[in-house]
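Working notes, structure below.
FYI, side chains are in, hydrogens and waters are out, and symmetry mates aren't considered; it's all heavy atoms of this structure. Residues take their numbers from the sequence shown, with the count starting at 1. Counting convention: from 1, in listed order, for ligands and their atoms alike.
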Amino acid sequence: MKQQVRWLAMHGVVRATSRLLARRGDPQGRMIADPAVRANPAAFTDELRAMGPIVKCRLMYITVDHQIANDLLRSDDFQVIAMGSSMPKPLQWVIDRTDPGLLHPIEPPSMLAVEPPQHTRYRKLVSSVFTTRAVAALRDRVQDTANALLDDLANDAGTVDIVERYCSQLPVTIIGDILGVPDEARPRILEFGEMGAPSLDMGVSWKQYRQIYRGIEGFNDWLSNHLRELRRNPGDDLMSQIIQASDEGERLSHEELLATAGLVLAAGFETTVNLLGNGIRMLLDTPEHLETLAVRPEMWPTAVEEILRLDSPVQMTARVAAKDTDLAGTTVRRGEGIIIYLAGANRDPKVFADPHRFDIERENAGKHLSFSGGRHFCLGAALARAEGEVGLRTFFERFPDARLGGVGTRRDTRVLRGWSSLPITLGKARTPVGS
Ligand code: HEM
């Protein structure tokens, strides 16, 4: 009953309002309630662009303008929004009183939902062990893992769901190693992740909410035990180092540590799986690019940036104005929220010539905002890029004849964008390069 009341206050009202608003053409209402928007976000962001740099909707503003998005992400006048905190006061009252006390990726003390000085403490702690050197050292591990997963696939030769067998396995194995997750726990982690993925969305259904709740609950219990175990029995993984650094320096409470570790773990596989799936699909649709990449493998890093730009695994984020602020001639009042549509900014023709074209040689592809910007810039960007490059290159080197084996299904999420299943007919496997 308590859960139902919470869902109603947090999502149910927004869901019903959005449907109504969508029927009246309100862009944010459509973004939440119209399946056509999820099916073709690029067409929707073009519509938004034609409405101006800042679009006022009934509940919030939206921008798809690259310059404004970039400035907003770096501005101290705009802050991150905790899930539910932008609701009207009576709903907020209900939300506060029905708090189940579980960690949530966009509720404090998650790094994504707090600002300095709290944010600086958490971020400093993770960056102190998640250094450029540590990530560079992981590249070989990414290669070994990709090889092992593809060896396994080579025995199958038929049609496989590449998301299940490869795109989800690679990131969860790597982040699992980093965080000292035992091999046997990985399938459960993936399951919690799949259940919790829509937790970033607004206006989810009661059915989705219950599933998210179960996923988050399972994840909480598992992670709590895992941290306790690592504290008793530290390994040489980064999570043990984070715990040690917290004990010796920043002194995070158990809840803060749980939220920080949980975010790194979940962000580590919930997003990169989409980069790999989106990339495989986009490249299979453009064999001419695969031909270029086969003879010029040094193009892979740019190709990955272009995939991130055109099919962004994280489509949007949001901020709230900390004070009345002028944005491109519009005054955004203190407390008003704005959706920063990263995927829309990534197709801004003022920055990217012929923005809908998939061009693996695009010189400024890396100017995309898919990893956000400013103080919340993705902490795992270097690792995600390494997984994208190594993961995609190795797949196409091993299976040069791979082709689509069915239509595939998109994930039923709005903030995260990727494939939940993608059937691929592998064809004959080549022996690994260098062996
Ligand atoms: C393609 C893969 C990825 C994408 C597209 C992505 C995207 C993002 C975005 C857009 C944000 C910021 C959201 C905001 O500004 O509100 C973010 C933050 C974050 N990401 Fe990633 N991410 C990816 C992979 C990873 C990986 C592999 C890790 C961990 C190893 C990770 C860890 C984090 C963390 C900890 C934050 C919070 C940073 C902060 O708030 O200061 N991400 N990511």
In ligand 1, which numbered atoms sit nearer than 4.0 Å to a non-hydrogen atom of [X]?
X: Ser370; value: 5 (C), 7 (C), 10 (C)
X: Arg375; value: 41 (O)
X: Arg319; value: 14 (C), 15 (O), 16 (O)
X: Ala384; value: 1 (C), 2 (C), 24 (C)
X: His119; value: 39 (C), 40 (O), 41 (O)

- [ ] Give a yes or no answer on whether the side chain of Thr98 reaches the backbone of Ile95 with a donor-acceptor pair at less than 3.5 Å.
- [x]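 Yes: the side chain of Thr98 pairs with the backbone of Ile95.
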- [ ] If the plane angle is over 60° it's perpendicular, under 30° parallel, otherwise tilted; pick one for Phe358 and His289.
- [x]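 Aromatic pair Phe358/His289 classed perpendicular.
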Open item on the list: Does the plane of the ring in Trp222 sit parallel, tilted or perpendicular to the ring in Phe219? Use 30° and 60° as the thresholds.
Closed with: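 If you compare the ring of Trp222 with that of Phe219, the planes turn out parallel.
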TODO: Report yes or no: does Ile175 have a heavy atom closer than 4.0 Å to ligand 1?
DONE: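 Yes, Ile175 has heavy atoms under 4.0 Å from ligand 1.
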Task: ligand 1 contacted by Phe130 (non-hydrogen, < 4.0 Å) - done: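 In this structure, Phe130 qualifies as a contact of ligand 1 - some heavy atom is under 4.0 Å.
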Quick one: nearest non-hydrogen protein atom to [atom], plus distance?
atom: atom 8 (C) of ligand 1; value: Cys378 CB, 3.7 Å
atom: atom 16 (O) of ligand 1; value: Thr317 OG1, 2.6 Å
atom: atom 38 (C) of ligand 1; value: Arg123 NH1, 3.4 Å

Open item on the list: Tell me whether Lys367 is salt-bridged to Glu305, with the criterion being a basic N under 4.0 Å from an acidic carboxylate O.
Closed with: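 No.
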Open item on the list: Does this structure show an ion pair linking Asp201 with Arg15, if we count only N-O contacts that are shorter than 4.0 Å?
Closed with: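 Looking at Arg15 together with Asp201, the answer is no, because their closest N to O distance does not fall below 4.0 Å.
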TODO: Examine Arg410 relative to Trp419 and say whether NZ or CZ is less than 6.0 Å from the centre of the six-membered ring and inside a 45° cone about the ring axis.
DONE: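 Verdict for Trp419: a cation-pi partner in Arg410.
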TODO: Check His376 against ligand 1 and report side chain, backbone, both or neither, counting heavy atoms closer than 4.0 Å.
DONE: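 The answer is both, backbone and side chain.
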TODO: Answer with side chain, backbone, both or neither: which part of Ser372 has a heavy atom less than 4.0 angstrom from an atom of ligand 1?
DONE: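 For Ser372, the contact with ligand 1 is made by both the backbone and the side chain.
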TODO: Can you establish whether the number of heavy atoms outside Glu47 located under 6.0 Å from its atom CD is more than 12?
DONE: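 More than 12 within 6.0 Å, yes.
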Open item on the list: Quick check on Lys56: does its NZ atom have over 12 non-hydrogen neighbours (other residues, nucleotides or ligands) under 6.0 Å away?
Closed with: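 Yes, NZ of Lys56 has more than 12 neighbouring heavy atoms, counting only those of other groups under 6.0 Å.
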- [ ] For atom 25 (C) of ligand 1, state which one of Ser110, Gly374, Ala267 supplies the nearest heavy atom.
- [x]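 Nearest heavy atom to atom 25 (C) of ligand 1 lies in Ala267.
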